[in-house]
Amino acid sequence: MAVRAKQIFVNLPVKDLKRSVEFFTKVGFEFNANFTDESTTCMIIGENIYAMLLVEERFQSFISKDISNAASTAEVIVALSVDSREEVDTIVQAALDAGGKPYNDPQDHGFMYGWSFQDPDDHLWEVTYMDLSAFPTQE
């Protein structure tokens, strides 16, 4: 049996929930008020794709490990696929304008274009567009 999940919830620790909500709102994301309180919010990324932003104390209540310091270590890159190169640029530029930090310069591989940023808690976000019709094929 192959695993086929119905939804994905990426859980990310944040230092200041209000700051994170303001940042991601400026980037263009919306939030589900039904799953939001003073320590947690549910950011809607796409159909059945969510990021749960939890203040560090709340996040810690789910784990027995230390929370990694995203400023100096990376455990995950949240990679989002969008419909066009222009949308990649729009999203990343909005993140930078909202106070995010650049991570990598835009990368153009012909069939794939991407650009990345760090959010206020230094989590890595990569936004990509892939043109499968231009994907190199093996002869």
Side-chain angles (χ1 to χ4, degrees):
M1 178 182 89
V3 173
R4 298 287 185 257
K6 294 180 182 181
Q7 299 176 322
I8 184 169
F9 292 85
V10 176
N11 292 269
L12 296 171
V14 300
K15 293 186 184 329
D16 182 331
L17 187 62
K18 182 179 179 206
R19 176 187 69 176
S20 293
V21 169
E22 289 172 358
F23 171 80
F24 284 110
T25 298
K26 288 177 183 174
V27 175
F29 290 100
E30 296 177 331
F31 298 85
N32 184 333
N34 294 326
F35 298 102
T36 298
D37 61 24
E38 65 282 344
S39 65
T40 306
T41 191
C42 178
M43 185 170 78
I44 302 165
I45 296 175
E47 187 175 339
N48 300 317
I49 306 168
Y50 309 93
M52 298 300 297
L53 307 179
L54 301 99
V55 294
E56 288 181 342
E57 182 177 294
R58 178 76 171 128
F59 187 90
Q60 187 68 61
S61 73
F62 291 103
I63 60 174
S64 58
K65 297 179 177 185
D66 292 335
I67 296 174
S68 64
N69 178 354
S72 61
T73 61
E75 185 174 42
V76 67
I77 299 171
V78 180
L80 308 177
S81 175
V82 297
D83 291 329
S84 70
R85 297 167 64 96
E86 295 77 21
E87 193 173 357
V88 169
D89 291 343
T90 298
I91 292 169
V92 175
Q93 191 59 59
L96 299 176
D97 292 346
K101 295 179 264 186
Y103 188 68
N104 284 329
D105 292 330
Q107 298 182 8
D108 190 345
H109 301 285
F111 72 97
M112 185 171 66
Y113 174 74
W115 195 8
S116 56
F117 65 92
Q118 294 180 93
D119 68 23
D121 290 283
D122 295 304
H123 301 296
L124 301 176
W125 293 79
E126 182 173 85
V127 186
T128 61
Y129 165 69
M130 192 176 317
D131 179 0
L132 293 179
S133 68
F135 190 80
T137 57
Q138 296 181 354
E139 300 292 323

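One is the number of the first residue; the rest follow in order along the sequence.
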**Study point:** Trp125 and Phe29 aromatic ring geometry - parallel, tilted or perpendicular at 30°/60° bounds
**Key:** tilted
Distance col, row Met52:CE vs Thr41:OG1, nearest 0.5 angstrom, shows 7.0 Å
(message) So Leu17 and Glu38, do their side chains get closer than 4.5 Å, heavy atoms only?
(response) no
Item to check | Expected output: side-chain Gln60 to main-chain Lys65 donor-acceptor under 3.5 Å | outcome: yes
Closest non-hydrogen contact found for Trp115 with Asp105 is CD1-C, 3.7 Å
Within the supplied structure, the quantity of interest is the number of heavy atoms (other residues, nucleotides, ligands) at a distance under 6.0 Å from Asp66 CG; does it exceed 12? no
- Should the heavy atoms of other residues, nucleotides or ligands under 6.0 Å from CG of Asp83 be counted, would the total exceed 12? no
Quiz item: Would you call Phe31 and Thr25 a side-chain contact if the rule is heavy atoms closer than 4.5 Å?
Solution: yes
Checking Phe24, Phe35, Phe9 against Tyr50 for ring pair (Phe, Tyr, Trp, His ring centres under 6.0 Å), the one that qualifies is Phe9
dist Ser81:OG -> Met130:CE (nearest 0.5 Å) comes out at 6.5 Å
Quick note, side chain to side chain donor-acceptor pair (under 3.5 Å) partners involving residues 7-18, not counting sequence neighbours, are Lys15-Glu56
Of all heavy-atom pairs linking Ile63 and Phe59, the shortest is CD1-CE2, 3.6 Å
**OP:** Please check if the side chain of Thr40 supplies one atom and the backbone of Asp37 the other of a donor-acceptor pair under 3.5 Å.
**Re:** no
Determine, using the 4.5 Å side-chain heavy-atom cutoff (strictly less than), whether Leu12 and Leu54 are members of one ILVMFWY cluster. no
Residues Val27 and Ala95: closest non-hydrogen pair is CG2-CA, 3.5 Å
Rounded to the nearest 0.5 angstrom, the CZ-OG1 distance for Arg85 and Thr90 is 12.5 Å
Hphob cluster co-occupancy, Met43 + Val82, side-chain heavy atoms under 4.5 angstrom | yes
Output for pair (Ser39 OG, Leu53 CG), nearest 0.5 Å, gives 11.5 Å
**Q.** Shared hydrophobic cluster for Phe117 and Val21 (ILVMFWY, side-chain gaps under 4.5 Å)
**A.** yes
Smallest heavy-atom separation, Glu126 atom then Ser116 atom, equals CA-CB, 3.9 Å
Working note: Ser20 + Asp121, criterion side chain to side chain donor-acceptor pair (under 3.5 Å); need CA distance, chi angles, decisive distance, verdict. CA-CA 8 Å; Ser20 293; Asp121 290 283; 3.2 Å; yes
For atom CG of Asn69, is the number of surrounding heavy atoms from other residues, nucleotides or ligands below 6.0 Å larger than 12? yes
Smallest heavy-atom separation, Pro13 atom then Ile67 atom, equals CG-CG2, 3.7 Å
- So if you build clusters from Ile, Leu, Val, Met, Phe, Trp, Tyr with side-chain heavy-atom gaps below 4.5 Å, do Ile45 and Val88 land together? yes
In Asp89, Thr128, Asp108, the residue satisfying side chain to side chain donor-acceptor pair (under 3.5 Å) with Tyr113 is Asp89
Apart from Tyr103 itself, members of its ILVMFWY cluster (side-chain separation under 4.5 Å) are Ile77, Leu124
Residues Gly100 and Phe23: closest non-hydrogen pair is N-CE1, 3.3 Å
